[in-house]
**Student:** 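This structure is in structure tokens; I'll ask about it shortly.
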Amino acid sequence: MPLKVYNTATRSLDLFVPLEEGRAKVYACGPTIYDHAHIGNFRAFLFYDLVHRYLEWKGYEVRFVMNLTDVDDKTIKGAVAAGSSVGEFTRQFGDLFLADCATLGIVPVDRYPRATDYIGPMIDFIGRLIESGHAYQADDGAVYYSIASFERYGKLKGIDLDSLKVGARVSHDEYEKEDARDFALWKVASEEDEVASAAWDSPWGRGRPGWHLECSVMSVTELGDTLDMHLGGEDLVFPHHENEIAQSEAATGKPFSRNWLHVKHLQLEGRKMSKSLGNFITVRELLEEGFGPASIRHQLLGAHYRSELNFTREGLNASKSAVQRLVDFDDRVRALPTGQAATATDLQTISETALDAFAAAMDDDFNTSDALAALFMFVSRANAAFDAADVVLESDRNAVREVLGSMDRVLGLLEVARASRAVDDDLALWVDLKIQERADARARRDFAAADGIRDELSARNIVLEDGAGGTRWKVVD
RNA sequence: GGCGCCGUGGCCAAGUGGUAAGGCGGAGGACUGCAAAUCCUCUAUCCCCGGUUCGAAUCCGGGCGGCGCCUCCA
């Protein structure tokens, strides 16, 4: 089945056709590492991960690059305040970011380029733009990109160039939307830049690269002139991505990205999350509040990436229950007794149908809500089939296992839930002992003692389940 | 003020012309010593009004309501 994606550039659902068959080159705008990433950032990063996982799931040979912005107004400001260089200052936040990614089960990408490692290529890139008449050094010493030199400027956002003031200059990174003007490619080094070791020599004097330039150069350097997909948050459409297109296409003469996908910003407890409102929250804080990473993942995947998503504690609790249902199902499948005398089931059909529905949902512009529905429908039907049969065929059990595992390679819910529930051997031994004690108590019908033990375990997030084959236990969030 | 999006059960959320997915929660039942897990049953006519159509949550018009971007942000 073909994958269709909503392309911001065409404003339509387009068939995903990479430049080279079977290969997918993806570039995603990563975080500016001057602070902790918050839950809103992770809606985008988790979407990147979903794209990454699904393209691989479909068999593409994926080359995925996500930058970590380490040179811009904010990192320099932070470094100066901290009395360190941008390199030192951003390293800690880069590490914290990658740690959060790992917690949430975000699969590592192929490269995490940082601007400071690409100063040489950036200088070359600017040189090419000046030679071809797309950039100029101004009286203030900075090098600017000439918007008027690129006729397609404004195409991505769909803005009317005539209505824009062209010719004025913007030297700061903190961009101004709806006010397209020539933007800086190379900035004259300020005193702060020097203090933060964020200044380099160039043919145009001491300075540093402009933010928009960084992404163009890193993507082209790492992935070639034309990308198959470029991902980012909705706020980046203009001017950041518009500028990337202008720079890259002017420099290479080739189409920059075949598809542009943008994630909508989320709401937090019904409100926009922003620093001015003081209501942004980090992954770490949520974990401290006791929410599991799989619950966070589930809630963020619960709504389609282009639609509104209101991230709430209440929703997180609902997600926790949903994830537990999956884990319970996975446990059941793993421990399921199989045999030849089994009753015939239609588990093969249930499995195939579920996987088809799942793939169809994902192919439809990554419709995760629909994909989750396919997963949970599968869980219900398989559970019912298990209940109806005394024993199932091993091949049927395996079909279910494979489909569950297959879906989770994309969704990563079980994977993350398992990782956060790992138990050490000592604990397992202790629990087994307690279960034996309880079994003895039950055998002599001393239910008060039995319930006491169950409560003791429950206090440690260990839940018991008495079944036909004895008592099983599990760790819950 | 400009541009755009949205309004589906108690909550979250799919569904863009053919008679309402899924999750959470709730009620009842089966199972259990009691639970837990699981299963079964029940729990919405899609903000309002008008229009188009054989037929609309889905299209058009008008209201009302919420939100986003235009300012830092993914």
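Model, not experiment: these values are computed from the prediction. The sequence lines fix the lettering, A, B, ..., with proteins before strands; numbering per chain opens at 1.
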**Student:** Over all heavy atoms of both residues, which pair between A:T471 and A:I435 is shortest? Give the atoms and the distance, please.
**Tutor:** CB-CG2, 4.0 Å
**Student:** Answer with base, sugar-phosphate or nothing: what part of the nucleic acid does A:G232 contact at a heavy-atom distance below 4.0 Å?
**Tutor:** sugar-phosphate
**Student:** Go through A:Y34 and A:T75 one step at a time and tell me if the side-chain contact (heavy atoms from CB on, under 4.5 Å) criterion holds.
**Tutor:** CA-CA 5 Å; A:Y34 71 108; A:T75 57; 3.9 Å; yes
**Student:** Taking the six-membered ring of A:F447 (Phe, Tyr or Trp), confirm whether the NZ or CZ of A:R442 is under 6.0 Å from its centre and within 45° of its axis.
**Tutor:** no
**Student:** Using a 4.0 Å heavy-atom cut-off, does A:E314 contact any base of the nucleic acid, only the sugar-phosphate backbone, or nothing at all?
**Tutor:** sugar-phosphate
**Student:** Heavy atoms only, 4.0 Å cut-off, all strands: where does A:L231 land among base, sugar-phosphate and nothing?
**Tutor:** nothing
**Student:** Find the distance A:L266:CG to B:A74:C1' and express it as a whole number of Å.
**Tutor:** 9 Å
**Student:** For A:R332, answer base if it contacts any base atom (sugar-phosphate contacts may also be present), sugar-phosphate if it contacts only those atoms, and nothing otherwise; contact means non-hydrogen atoms under 4.0 Å.
**Tutor:** sugar-phosphate
**Student:** Counting Watson-Crick and G-U wobble pairs only, both distances under 3.5 Å, name the nucleotide matched with B:C34, or none.
**Tutor:** none
**Student:** What's the closest nucleotide to the A:K74 side chain, out of B:C72, B:C39, B:A35?
**Tutor:** B:C72
**Student:** Which word best sums up how the rings of A:H36 and A:F93 line up, parallel for under 30°, tilted for 30 to 60°, or perpendicular for over 60°?
**Tutor:** perpendicular
**Student:** Would you kindly give the CZ-to-P distance between A:F45 and B:A74, to the nearest whole Å?
**Tutor:** 6 Å
**Student:** Ring centres within less than 5.5 Å and planes less than 30° apart: is that true of A:F376 and B:G22 in this structure?
**Tutor:** no
**Student:** With hydrogens left out and only the distance checked, is there a donor-acceptor pair under 3.5 Å joining A:D451's side chain and the base of B:G33?
**Tutor:** yes
**Student:** When all nucleic acid strands are considered with a 4.0 Å heavy-atom cut-off, which category describes A:S319: base, sugar-phosphate, or nothing?
**Tutor:** nothing
**Student:** Base, sugar-phosphate alone, or nothing: which one does A:K320 contact when heavy atoms must sit under 4.0 Å apart?
**Tutor:** nothing
**Student:** Rounded off to whole Å, could you give me the CG-to-P distance for the A:N383 and B:G22 pair?
**Tutor:** 15 Å
**Student:** Identify whether any heavy atom of A:A373 sits under 4.0 Å from a base atom; if not, whether one sits that close to sugar-phosphate; answer base, sugar-phosphate or nothing.
**Tutor:** base
